[in-house]
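Notes follow the structure.
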Amino acid sequence: MVTVNRVQTGLRIEGRLLKVLKGLAEYLDMPLGELVEGIVLHAFDGSAPFGQPTLDKIAQLKQVYDLELTAADAHRLLEQDG
């Protein structure tokens with residue numbers, strides 16, 4: 001185990017993406033923050049964070065929450081006014 005100092009932050013994120021992340025965290029029985037930490041640490045190492053069974057679950061959650069965004073959409077999202 002590694003001791004860390006976690007901080008509370010305000011994070012704006014696309015709504016359907018957040019729903020998928022929350023659903024995945026629930027499925028994996030872990031807090032949302034720890035899921036995001038794991039995804040980011042894997043990305044920083046250039047490795048995939050999930051195996052095929054988890055990717056299959058993500059695909060199901062994306063369908064449930066009507067999330068069609070992909071990595072190709074990153075940095076190209078426009079917010080709705082309002």
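With rounding to the nearest 0.5 angstrom, the CZ atom of F50 is 12.5 Å from the CG atom of D56. E26 contributes atom CD, which lies 10.5 Å from atom NZ of K57 (distance to the nearest 0.5 angstrom). The structure places CG of L24 at 12.0 Å from NZ of K62, a figure rounded to the nearest 0.5 Å.
The environment of CD in E79 is sparse: at most 12 heavy-atom neighbours from other residues, nucleotides or ligands sit within 6.0 Å. Enclosure of atom CD in E34 by more than 12 non-hydrogen atoms of other residues, nucleotides or ligands within 6.0 angstrom is indicated.
Without hydrogens or angle criteria, T70 side chain to A72 main chain gives a donor-acceptor distance under 3.5 Å.
Annotation for L35 and A25: closest pair CD2-N, 3.8 Å, computed over non-hydrogen atoms.
Contact annotation: the side chain of E68 approaches that of D66 to within less than 4.5 Å [non-hydrogen atoms, C-beta and beyond]. Looking at L67 and E14, their side chains come closer than 4.5 Å, going by heavy atoms from C-beta outward. Between L21 and I39, the closest side-chain pair of non-hydrogen atoms falls below 4.5 Å. When side chains are defined from C-beta on, M30 does not count as touching E37, because their heavy atoms never get closer than 4.5 Å.
Tracing side-chain contacts under 4.5 Å through hydrophobic residues (I, L, V, M, F, W, Y), one reaches I13 starting from V36; they form part of the same cluster. Side-chain heavy atoms closer than 4.5 Å link hydrophobic residues (I, L, V, M, F, W, Y) into clusters, and following such links, even through other members, never connects V4 to F44. Tracing side-chain contacts under 4.5 Å through hydrophobic residues (I, L, V, M, F, W, Y), one reaches L77 starting from V20; they form part of the same cluster. Linking ILVMFWY residues whenever their side-chain heavy atoms come closer than 4.5 Å, directly or via other members, leaves L41 and L28 in distinct clusters.
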